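Down below is the structure, laid out as structure tokens.
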Amino acid sequence: MFTKQKQEKLVKHLTTCEHSESGRKGDTNLHGKQNPVQSPFPRKDKCAEVEMKEHKTKETKKTAMNEVEKNKATTGSKLVKTAGCKKGREKISAIFQTRKESLEKLIKRGIFKPNRVFGSTIPSIAKSDGTSVPVVLSSIISLISTNPTFMSTEGLYRQNGNLATIQSLRFEIENGQQAKLETVTNVHILTGLAKLFLRELKEPLISWSTLEKLVLALQDIGQTEVEKVMIKVENILSIMHQSNKSSLYAVLEHLSTVADLSNENNMTAENLAIVLGPTLTWSQGAVKRDTIATIMVRQNNVIEFLITKYPKLKLMKQKESPPIKD
């Protein structure tokens, strides 16, 4: 027999369970009807417990990820501090030196073969080809110079060719297939390949020390006769390595002809200097940011002068004595 007090407790309990079960959206209540509205009563079933556990798990993972990110940041800052100190720099230098020595050993043992054309030096390429000017460079210049349509193309050396085609030609040339150059019908592919060849040299066509001497020589143009300046320039060029000098003269002769046709191709000596200056010469050391703009202006002035005055340089070269090698 239930007492009145026990009956009231049982009714209250059943009412609470009904609200709890029927209050969930999408569930059915005791009358078999679906509840579209969320019950305001708190859920005290197993689903609520599962959700609570999932929430705690997510919070734990989030905390763990934050700790990992903090550790990464701390590790990165430690590496930066290590690189900033003397011992850190020595360790990093030792690593790169070890890698360099390992690469040299692989090359000596014939396991790894370095690029013969692209990424080498003018003297080594010319020596391998048995010529004074690298064959790839002289071939490209010849193919462009002997084609009137190519020479009169607007934006010659300024416009870029298809990079994928240029890279494909590069690998063909490295594999000894230089005859592929003759199949090229787009001049911008040839000029792009020439710029790539010059840009990827281990040492620039015109060394930085030579450029600095030329810059000083051109500073006297306003106070000295052009002929005397030309003599200074020719003397500076005469101490270049023979292969570098022969290659430079071949390039200058070609660019001088291109500039002569500027009415058709819109490429004056000044435009050519701006486009090709950084490709023909660059500094292999660190350069301060505040001096880059000044250096580029002087660099372009030197290249423009060499292109413009090439006919006179050619005459002086014919009269000169055998050049001195480095």
Side-chain angles (χ1 to χ4, degrees), residues 122 133 136-163 165-166 169 181 184-201 204-208 210-219 221-222 226 229-230 233-234 236-237 244-245 247-283 287 291-314:
I122 292 290
V133 179
V136 62
L137 185 60
S138 59
S139 297
I140 293 173
I141 290 175
S142 176
L143 287 170
I144 298 174
S145 299
T146 56
N147 189 320
T149 303
F150 285 173
M151 291 293 289
S152 60
T153 301
E154 185 176 355
L156 190 61
Y157 282 102
R158 178 174 53 81
Q159 292 189 26
N160 297 321
N162 183 275
L163 183 59
T165 305
I166 293 172
L169 269 174
L181 288 172
V184 179
T185 58
N186 187 331
V187 67
H188 300 306
I189 300 297
L190 293 174
T191 56
L193 190 65
K195 289 188 288 186
L196 180 66
F197 169 76
L198 293 169
R199 187 168 58 247
E200 291 200 355
L201 289 171
L205 179 60
I206 305 174
S207 67
W208 195 251
T210 300
L211 179 73
E212 290 178 331
K213 294 175 183 177
L214 290 171
V215 169
L216 292 175
L218 295 187
Q219 287 179 350
I221 287 183
V226 176
V229 174
M230 291 293 299
V233 170
E234 202 281 328
I236 293 169
L237 297 179
N244 285 62
K245 183 178 179 181
S247 299
L248 175 60
Y249 273 68
V251 170
L252 291 177
E253 182 174 13
H254 170 58
L255 296 181
S256 177
T257 307
V258 171
D260 289 341
L261 297 172
S262 60
N263 290 334
E264 299 178 32
N265 56 40
N266 291 329
M267 294 304 291
T268 62
E270 181 182 3
N271 292 338
L272 290 169
I274 293 172
V275 173
L276 297 173
T279 304
L280 297 174
T281 179
W282 64 83
S283 173
V287 179
T291 60
I292 290 178
T294 304
I295 289 173
M296 288 186 67
V297 171
R298 293 175 179 176
Q299 181 185 61
N300 295 341
N301 289 340
V302 169
I303 302 301
E304 181 183 357
F305 179 86
L306 294 176
I307 294 173
T308 305
K309 302 298 182 182
Y310 171 74
K312 291 185 177 181
L313 285 173
K314 185 178 180 180

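Since we're looking at a predicted model, the values are computed, not measured.
The two atoms that bring Trp208 and Ser283 nearest to each other are CE3-N, 3.3 Å, heavy atoms only. Residue Pro311 comes nearest to Ser256 through the heavy atom pair CD-OG, 4.2 Å, listed as atom of the first residue, atom of the second, then distance. When all heavy atoms of Pro204 and Asn244 are compared, the closest pair comes out as O-ND2, 3.7 Å. Minimum interatomic distance between Thr146 and Ser142 (heavy atoms only, all atoms of both residues): OG1-O, 2.7 Å. The two residues Phe150 and Ile144 make their nearest non-hydrogen contact at CB-O, 3.8 Å. In this structure, Ile236 and Lys213 approach most closely via the heavy-atom pair CD1-O, 3.5 Å.
Taken from CG in Leu201 to CG in Leu196, the straight-line distance is 9.5 Å, to the nearest 0.5 Å. Of the inter-residue distances, the one linking Gln219 atom CD with Arg298 atom CZ reads 6.0 Å to the nearest 0.5 angstrom. Atoms CG and CG, from Leu205 and Leu211 in turn, are 11.5 Å apart once rounded to the nearest 0.5 Å. With rounding to the nearest 0.5 angstrom, the CD atom of Glu264 is 11.0 Å from the CD atom of Glu154. Distance check: Glu304 CD to Ile274 CD1 gives 8.0 Å after rounding to the nearest 0.5 Å.
Remark: the backbone N or O of Gly277 is not paired with any side-chain donor or acceptor of Thr281 at under 3.5 angstrom. Under a 3.5 Å cut-off, the side chain of Gln159 and the backbone N or O of His188 do not form any donor-acceptor pair. Under a 3.5 Å cut-off, the side chain of Thr279 and the backbone N or O of Leu198 do not form any donor-acceptor pair. For the pair Asn160 (side chain) and Gly192 (backbone), a donor-acceptor distance under 3.5 Å is absent. Judged by distance alone, the side chain of Thr308 and the main-chain N or O of Phe305 form no donor-acceptor pair under 3.5 Å.
Of the residues listed (Leu272, Leu313, Leu276), the one engaging Ile307 in a side-chain contact (heavy atoms from CB on, under 4.5 Å) is Leu272, and it is the only one.
The shortest side-chain heavy-atom distance between Ser145 and Thr257 does not fall under the 4.5 Å cut-off. Inter-residue side-chain proximity for Val251 and His254 is flagged as unmet; no heavy-atom pair is nearer than 4.5 Å. The side-chain heavy atoms of Thr165 and Val184, taken from C-beta on, include no pair separated by under 4.5 Å. In this structure the side chain of Asn266 never reaches within 4.5 angstrom of the side chain of Asn271, judged on heavy atoms. Looking at heavy atoms from C-beta onward, Ile206 lies out of side-chain contact with Leu237 at the 4.5 angstrom threshold. Using a 4.5 Å heavy-atom cutoff, the side chains of Leu261 and Ser152 are not in contact.
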Evaluate the criterion side-chain contact (heavy atoms from CB on, under 4.5 Å) for residue pair Asn301 and Val215; output intermediate values, then yes/no.
CA-CA 8 Å; Asn301 289 340; Val215 169; over 6 Å; no
side-chain contact (heavy atoms from CB on, under 4.5 Å) between Leu193 and Leu181, intermediate numbers included:
CA-CA 10 Å; Leu193 190 65; Leu181 288 172; 3.4 Å; yes
Between Lys314 and Leu252, does a side-chain contact (heavy atoms from CB on, under 4.5 Å) hold up when you go through it step by step?
CA-CA 10 Å; Lys314 185 178 180 180; Leu252 291 177; over 6 Å; no
Could you go step by step and tell me if Phe197 and Ile140 meet the side-chain contact (heavy atoms from CB on, under 4.5 Å) rule?
CA-CA 11 Å; Phe197 169 76; Ile140 293 173; 5.7 Å; no
